[in-house]
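One structure is given here, and the rest of the page talks about it.
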Amino acid sequence: MRIVAGEFGGRPLKTLAGKTTRPTTDKVKGAMFNMIGPFFEEGRVLDLYAGSGGLAIEAISRGMTQAVLVERDRSAQAIVQANIKITKSEKQFQLLKMDAKKALSQLSGHFDLVFLDPPYAKEQIVAVVTELEDRQLLAEDVMIVCETDKMVALPKEISAFGVWKQKIYGMSKVTVYVR
């Protein structure tokens, strides 16, 4: 795995061995960012199930200014920290070492881009998007990018959001919600 494009493009990323995380492949990550950007002129990104941190790091590399990454697994946390260090821009990143539910109660400010790739996709995505909206953590023009198995059928609407784009890449499905 590597950072695909932007300021840190080409730098290698570490991944966690085993099945506790499912890193987004470079191909899917590149396609995902081509769907939503591919580059940004600042903003805050939230990666609620960070895994290796690759999506938030890619977003910063492509122009986002601040990232909050949430990861509960200790081994994955060490990988996220190592990957953040690779950027040499550690001040742009905040790693919350806790589960997503606890993090939701501690987050503040608005996010312009949100990545959701939870272990139990459909149920968690609906609940998380609703809670983010209820807690007023989402910017008016936020994009919520959900990565799931291609067999997962997400609803066409969640809270105030509707599906803007959806594409299948191999075994993965990327669904982007906007207001």
Side-chain angles (χ1 to χ4, degrees), residues 1-6 8-11 13 15-16 19-41 43-64 66-71 73 76 79-80 83 93 100 103-104 110-133 137-179:
M1 270 188 38
R2 64 185 173 86
I3 302 168
V4 178
F8 315 131
R11 295 181 194 179
L13 292 172
T15 59
L16 191 62
K19 296 183 179 179
T20 56
T21 63
R22 303 173 321 277
T24 303
T25 65
D26 291 348
K27 181 179 177 183
V28 172
K29 187 170 27 172
M32 182 184 297
F33 277 89
N34 284 336
M35 279 174 73
I36 64 172
F39 294 94
F40 309 99
E41 292 187 28
R44 289 182 77 211
V45 59
L46 171 64
D47 190 348
L48 203 54
Y49 305 90
S52 67
L55 293 174
I57 291 169
E58 188 75 33
I60 294 292
S61 182
R62 292 172 182 250
M64 285 285 179
Q66 185 186 21
V68 176
L69 300 91
V70 178
E71 181 52 59
D73 183 85
I79 297 293
V80 171
N83 285 337
F93 298 92
L104 285 170
H110 290 106
F111 293 96
D112 304 287
L113 179 60
V114 176
F115 291 110
L116 300 176
D117 183 9
Y120 302 103
K122 185 175 182 178
E123 300 81 9
Q124 287 185 343
I125 287 172
V126 171
V128 166
V129 170
T130 302
E131 187 165 353
L132 286 166
E133 178 72 354
L137 294 167
L138 302 173
E140 190 58 37
D141 59 351
V142 67
M143 280 190 281
I144 302 168
V145 181
C146 308
E147 184 180 356
T148 62
D149 181 272
K150 72 178 181 180
M151 301 307 287
V152 173
L154 291 174
K156 297 221 179 291
E157 293 183 357
I158 303 173
S159 187
F161 301 91
V163 173
W164 177 52
K165 291 184 180 181
Q166 188 173 68
K167 292 196 178 175
I168 294 175
Y169 303 99
M171 297 300 293
S172 297
K173 183 190 299 181
V174 176
T175 306
V176 181
Y177 287 93
V178 297
R179 284 188 199 278

Ring pair (Phe, Tyr, Trp, His ring centres under 6.0 Å) partners for F111, two or more places apart: none
Look up atom CG in L46 and atom CG in L137, then write down how far apart they are to the nearest 0.5 Å. 8.0 Å
Please collect all salt bridge (Lys or Arg N to Asp or Glu O under 4.0 Å) contacts where either partner lies in residues 124-133, sequence neighbours excluded, each pair once. E131-R135, E133-R179
Under a 3.5 Å distance rule, please check whether T130 uses its side chain to pair with a backbone N or O of V126 as donor and acceptor. yes
With heavy-atom distances below 4.5 Å as the criterion, would you say the side chains of Y49 and V128 are in contact? yes
Kindly indicate whether the side chain of D26, heavy atoms from C-beta on, has any atom under 4.5 Å from the side chain of R2. yes
How many angstroms lie between atom CG of L113 and atom CZ of F40, to the nearest 0.5 angstrom? 5.0 Å
Side chains of V174 and V145: does their closest heavy-atom pair fall under 4.5 Å? yes
If you compare all heavy atoms of F39 against all heavy atoms of A5, which two are closest, and at what distance to 0.1 Å? CZ-CB, 4.2 Å
Using ring pair (Phe, Tyr, Trp, His ring centres under 6.0 Å) as the criterion, list what pairs up with F33, not counting sequence neighbours. F115
Shortest non-hydrogen pair, V80 vs G53, comes out as CG2-N, 3.8 Å
Just verifying a value: how many Å separate I3 CD1 and I60 CD1, rounded to the nearest 0.5 Å? 11.0 Å
Kindly indicate, with the supporting measurements, whether the criterion side chain to side chain contact (heavy atoms under 4.5 Å, CB included) is fulfilled by L104 and L132. CA-CA 7 Å; L104 285 170; L132 286 166; 3.5 Å; yes
Partner residues of R44 under the salt bridge (charged side-chain N to carboxylate O under 4.0 Å, His left out) criterion, sequence neighbours left out: none
Of the non-hydrogen atoms in G51 and E71, which two are nearest, and what is the gap between them? N-OE1, 2.7 Å
Applying salt bridge (charged side-chain N to carboxylate O under 4.0 Å, His left out) to E41 and not counting sequence neighbours gives none
Beyond-backbone contact of V163 with L154, side-chain heavy atoms, under 4.5 angstrom: no
Does D112 reach the side chain of D141, with side-chain heavy atoms less than 4.5 Å apart? yes
Give a yes or no answer on whether the side chain of N83 reaches the backbone of S52 with a donor-acceptor pair at less than 3.5 Å. yes
Does some side-chain heavy atom of V114 sit less than 4.5 Å from a side-chain heavy atom of V129? no
Can you name the nearest heavy-atom pair linking Q124 to P118, along with the distance? OE1-CB, 2.7 Å
Considering only residues two or more places apart or on different chains, which pairs with a residue in residues 47-59 satisfy salt bridge (Lys or Arg N to Asp or Glu O under 4.0 Å)? K29-E58, E58-R62
Atom pair NZ/CD1 of K156 and I158 - distance to nearest 0.5 Å: 12.0 Å
For A50 and L69, the nearest pair of non-hydrogen atoms, with its separation, is CB-CB, 3.8 Å
Partner residues of R11 under the salt bridge (charged side-chain N to carboxylate O under 4.0 Å, His left out) criterion, sequence neighbours left out: none
List the atom pairs, donor and acceptor, that lie under 3.5 Å between side-chain atoms in residues 164-171 and the rest of the protein, sequence neighbours left out.
from	atom 1	to	atom 2	distance (Å)
K165	NZ	M35	O	3.0
Q166	NE2	T175	OG1	2.8

Could you state the interatomic distance from CG (L116) to CD1 (I125), rounded to the nearest 0.5 Å? 6.0 Å
How many angstroms lie between CG in L55 and CE in M32, if you round to the nearest 0.5 Å? 5.0 Å
Only counting residues at least two apart or in another chain, list the ones meeting side-chain contact (heavy atoms from CB on, under 4.5 Å) with A153. none
Is there side-chain contact between P155 and Y177, with at least one heavy-atom pair below 4.5 Å? yes
